[in-house]
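Reviewing the structure listed below.
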Amino acid sequence: MPDNTLQRQQLRQYIRQLRRQLSPAAQQQAATALVTQALNLAQVASSQHIALYLANDAELDTFPLIQALWQQGKQVYLPVLHPISAGYLLFVQYQQDTLLYPNKFGIPEPLPACHRLRPVNQLDIIFTPLVAFDAVGNRLGMGGGFYDRTLAQLAPDSHCQVIGLAHSCQQIETVPTEAWDIPLQQIITPDHCFNFCSNRRGA
Ligand SMILES: Nc1ncnc2c1ncn2[C@@H]1O[C@H](COP(=O)(O)OP(=O)(O)O)[C@@H](O)[C@H]1O
Ligand SMILES: [Mg+2]
């Protein structure tokens, strides 16, 4: 196995274990702090179509933020494994009464009904989960490459903002990257908002 691949695997294991050690109280506090951070962002205020994810494996819990966005009348979308193009995600509208079904990873997702799908280029913000990030916006995911493939479909002039969400303990000095990794334009942790202007498309 190449050195970089091994290092990425080891980092994933280490950080996933670290975040699983957060107490339920710490998780709850982090989720509440995320609501404050996210609602303070001008681009959230001006956005209508926002993709989020449901937390899995001790990821930063987004549900309080989803509820706050619903309250503000925003349209929220969740990622769904593409039923035909393996390795890609679709974004499907998520409302309070939407039924969810576990996918092959056990992560709940809505049914990909055509009239509820929104193409990535028509989303205003995509909030992504991640395993590790660094101070220049590099993202290490769970290893499936789902977001890399899906975000590669964004047009160079797309207005869609890609923002990573993470616990502070998920920051590392340097993410060992691969050519296909899509860097993030912003990362929000419960106590900080990082901006990486140079990672904007067209920058
Ligand atoms: N745009 C893409 N097209 C095709 N395959 C891709 C693309 N982006 C990522 N992949 C594949 O997905 C796999 C996992 O990617 P990786 O970046 O290691 O995962 P993650 O981003 O989840 O940490 C890799 O084998 C990579 O080749
Ligand atoms: Mg990647």
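All values reported here derive from a predicted model rather than from experimental measurement. We count ligands from 1, going down the list as the structure has it; atoms in each ligand are counted the same way.
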Output yes when the distance from some N or O of ligand 1 to some N or O of Leu140 is under 3.5 Å, and no in every other case. no
Any N, O or S atom of Asp148 closer than 2.8 Å to the Mg ion (ligand 2): yes
From the candidates Arg139, Glu178, Arg8, the one that places a heavy atom nearest atom 16 (P) of ligand 1: Arg8
Return yes if some donor-acceptor pair links the side-chain N/O of His167 with the main-chain N/O of Ala58 below 3.5 Å, else return no. yes
Closest approach to the Mg ion (ligand 2) by Asp181, given as the N, O or S atom name: OD1
At their closest point, which heavy atom of Leu81 faces which heavy atom of Lys104, and how far apart are they? CD1-CG, 3.9 Å
Protein heavy-atom partner closest to atom 1 (N) of ligand 1 - residue, atom, separation in Å: Arg149 CA, 3.7 Å
With atoms numbered from 1 as shown, which atoms in ligand 1 lie under 4.0 angstrom from a non-hydrogen atom of Arg12? 16 (P), 18 (O), 19 (O), 20 (P), 23 (O)
Checking the N or O distance criterion of under 3.5 Å, is ligand 1 in contact with Phe146? no
Would you check the N or O atoms of Gly145, main chain and side chain alike, for any that come under 3.5 Å of an N or O of ligand 1? yes
Non-hydrogen atoms of Leu90 and Pro83 that approach each other most closely: CD1-CD, 3.6 Å
One finds that the ligand 1 atoms under 4.0 Å from a non-hydrogen atom of Gly143 are 14 (C), 19 (O), 20 (P), 22 (O), 23 (O)
Just grab all the ring pair (Phe, Tyr, Trp, His ring centres under 6.0 Å) pairs involving residues 34-55, residues at least two apart or on different chains. His49-Tyr77
Any link between Leu39 and Ile126 through a network of hydrophobic side chains (Ile, Leu, Val, Met, Phe, Trp, Tyr) touching at under 4.5 Å? yes
What heavy-atom pair brings Arg149 and Gly87 nearest, and what distance separates the two atoms? NH1-O, 3.1 Å
Taking only heavy atoms of Gly141, which atoms of ligand 1 are found under 4.0 Å from at least one of them? 20 (P), 21 (O), 22 (O), 23 (O)
Using a strict cut-off of less than 4.0 Å between a Lys/Arg side-chain nitrogen and an Asp/Glu carboxylate oxygen, indicate whether Arg8 and Asp181 qualify as a salt bridge. yes
Best match, Leu11, Asp148, Asn4: closest heavy atom to atom 21 (O) of ligand 1: Asp148
Going by heavy atoms in the side chains, are Arg16 and Val131 under 4.5 Å from each other? yes
Please state which protein non-hydrogen atom is closest to atom 9 (C) of ligand 1 and give its distance, to 0.1 Å? Trp180 CD1, 3.1 Å
Specify side chain, backbone, both or neither for Val131, according to which of its non-hydrogen atoms lie closer than 4.0 Å to ligand 1. neither
Check Asn4 against Thr177 and note the closest heavy-atom contact, atom names and distance. ND2-O, 3.0 Å
